[in-house]
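Here the structure is laid out as structure tokens; the discussion comes afterwards.
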Number of protein chains: 2
Amino acid sequence: MFLVIGERINTSRKPVREAVEKRDADYIQQDVQKQQEAGADFIDVNAGARVGHETEDMKWLLEVIQKVVTVPLCLDSPDPMVLEMAYERVEQPPMVNSISLEKERFDAMAPFLRGKDCKVVALCMDDAGMPKSAGEIIERAGELIKQLGGLGISPNNVYVDPLVQPVGTDTQNGIMVMEAVKGIMTQHEGVHTTCGLSNVSFGMPKRKVINRIFLCLMMSYGLDSAILDPLDRQLMSVVKTTEMLMGKDDFCMQYLKATRAGIIGD
Amino acid sequence: MFLVIGERINTSRKPVREAVEKRDADYIQQDVQKQQEAGADFIDVNAGARVGHETEDMKWLLEVIQKVVTVPLCLDSPDPMVLEMAYERVEQPPMVNSISLEKERFDAMAPFLRGKDCKVVALCMDDAGMPKSAGEIIERAGELIKQLGGLGISPNNVYVDPLVQPVGTDTQNGIMVMEAVKGIMTQHEGVHTTCGLSNVSFGMPKRKVINRIFLCLMMSYGLDSAILDPLDRQLMSVVKTTEMLMGKDDFCMQYLKATRAGIIGD
């Protein structure tokens, strides 16, 4: 089943930042509930935007969110201290967003991740920068899976993010990342792939159209998770409809349920 | 490049039937011009709905259409006599829609097709009925390519239609036909695939959403042509955006051109 990671609780989004500043629990709780109703399987929580306040903001957000949430959380921070604090407070095994092959980042995160019961978003980034070919992405994915294995994180808890790059910069950037997803999913039994979508359309007109078609294509190449806004009905339509057409929705039950719930946009 | 066969000039559509009855050349010519502007590569012409009038209606339509058309036509009739008449009247080598493996139909069409300079839509239908697996579709495609080859039609002039069946009847019908397209395109160098889309969503709610996602998925499995309404902006958005994301649109030129022409819907 395709996993939707709801991206809305992020202090880089203005209304969330304001709600966090005002300690407006209602706003946050309603947003989380709407994401859940729309089909989010994880709720991403990112408190990084108010510099110097991440720990206290994350702590408050977790307290507030856990009163209403039924799905697990995705703890989104580059700071292992924040993650350690957050990990102690969550009620279900979380997803951790994220680690990469950049040496400094990996070494900082390793002690926190070692032996933890969690899923991990693993970015195909290393000290040489963004990957330049599908082969390079697949190679980095293999290295991430291996190194995370060394910390006791099994492949079925790894969500490889191949890093989406703009087609406006290079027309091959779309197909490159699709081929990479296919390679990762074929070569590594049990591992998952995830990504954000919007980078693909950077600098182009009609970005939402591009993001939707890109999601559908990525799913057809094997992507089994994405970080997105579950309140975007047209994006959720793509998820439900693609699952059904790919033969992964018995008796079209999930699609029909989503239609009745008003989740399928026009 | 993906080929769009514009489906609108069909007397089973009420406004077209009325225009044909009234010999309203303006209506027909405007519709054809709109299809061309929206990106149709072929204009399908079907005069079959007024029983007993097909020959005269087709003749009139061709006269009227050829005054404005710049792209080739797709002659859509099961009657070889009508096709023979039409073939004599077209100014560019046409596409013929269609032949199948049903013995009676094939034998009737063979004398007309032999040695003709045309493209042919070849339906994966035989006397046993609709195909029941991807393997069966691929097998029938091979047989069609072979038999058409015997009539002097080369594989690069064959547009295999794998026959789209409703997912509402069997959830595997979508993925079955996608796998079939992949198999046909992989196993037969130079051959093309085409299809109508709307059968896939028969009996389901929000059919247009399903048809659009299905088109995107079919293209990702190798489909390189479809019979559709080019004036449906959301469907044409799928064509242009998918081509771009699959790396088939150098410098995103076609996508950007379509955006400027207002063809990319929201």
Side-chain angles (χ1 to χ4, degrees), chain A residues 134 164 166-179 182 197 200-201 203-221 233-234 236-256 258-260 262-266, chain B residues 134 164 166-179 182 197 200-201 203-221 233-234 236-256 258-260 262-266:
Chain A
V164 172
V167 281
T169 311
D170 183 333
T171 330
Q172 296 308 304
N173 277 344
I175 189 72
M176 170 178 86
V177 79
M178 292 177 218
E179 294 287 4
K182 190 195 237 174
L197 303 165
V200 76
S201 60
M204 297 290 283
K206 300 278 180 186
R207 294 189 63 173
K208 288 198 157 195
V209 173
I210 300 176
N211 298 347
R212 287 199 296 270
I213 297 296
F214 182 61
L215 175 56
C216 175
L217 289 172
M218 286 287 271
M219 289 177 72
S220 89
Y221 276 75
R233 287 166 71 233
Q234 292 190 298
M236 288 303 286
S237 293
V238 170
V239 171
K240 299 296 178 187
T241 311
T242 303
E243 287 269 279
M244 176 177 69
L245 289 171
M246 300 285 293
K248 293 175 181 170
D249 180 6
D250 288 348
F251 306 106
C252 310
M253 289 293 280
Q254 298 304 317
Y255 177 83
L256 292 169
T259 309
R260 283 191 296 268
I263 288 165
I264 306 297
D266 286 305
Chain B
V164 172
V167 281
T169 311
D170 184 332
T171 329
Q172 297 308 304
N173 277 344
I175 188 73
M176 172 178 84
V177 79
M178 292 176 217
E179 293 286 4
K182 191 194 236 173
L197 303 165
V200 77
S201 60
M204 298 290 284
K206 301 276 179 188
R207 293 188 64 174
K208 288 196 156 197
V209 174
I210 301 176
N211 298 349
R212 287 198 296 268
I213 297 296
F214 182 61
L215 175 57
C216 175
L217 290 172
M218 287 285 272
M219 288 177 73
S220 88
Y221 276 75
R233 286 166 73 233
Q234 292 190 298
M236 287 304 284
S237 294
V238 170
V239 171
K240 298 296 178 186
T241 312
T242 303
E243 286 268 279
M244 175 178 69
L245 289 171
M246 300 286 293
K248 293 174 181 170
D249 180 6
D250 288 348
F251 305 105
C252 310
M253 289 292 280
Q254 297 304 317
Y255 176 83
L256 291 169
T259 309
R260 282 191 297 268
I263 287 164
I264 305 297
D266 287 306

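Here is the naming used below: chain letters follow the sequence lines, and residue numbers restart at 1 for every chain.
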Practice problem: Report yes if some heavy atom in the side chain of B/I213 is under 4.5 Å from a heavy atom in the side chain of A/M244; otherwise report no. | Solution: no
Practice problem: Answer whether the closest heavy-atom distance between the side chains of B/I210 and A/Y255 falls below 4.5 Å. | Solution: yes
Exercise. Could you have a look at A/Q172, A/M219, A/M246 and say which one has the most heavy-atom pairs with chain B under 4.5 angstrom?
Key: A/M246
Residue [X] versus chain A: region with a heavy atom under 4.5 Å:
X	value
B/R212	side chain
B/F214	both
B/K206	both
B/E179	neither

Quiz item: Of the backbone (N, CA, C, O) and the side chain (C-beta and beyond), which part of A/M204 lies under 4.5 Å from a heavy atom of chain B, both, or neither?
Solution: side chain
Quiz prompt | A/D250, part contacting chain B, at a heavy-atom distance under 4.5 Å | solution = backbone
Self-check item: Steps toward side-chain contact (heavy atoms from CB on, under 4.5 Å) verdict (A/M178, B/L245)
Solution: CA-CA 9 Å; A/M178 292 177 218; B/L245 289 171; 4.0 Å; yes
Quiz item: What heavy-atom pair brings A/G265 and B/V209 nearest, and what distance separates the two atoms?
Solution: O-CG2, 2.9 Å
Self-check item: B/G247 backbone acceptor or donor facing A/T171 side chain under 3.5 Å
Solution: no
Exercise. Name the option with the most non-hydrogen atom pairs under 4.5 Å to chain A; the candidates are B/V177, B/L256, B/T259, B/I264.
Key: B/I264
Quiz item: Looking at B/S237, B/S220, B/G174, which makes the most heavy-atom pairs under 4.5 Å with chain A?
Solution: B/S220
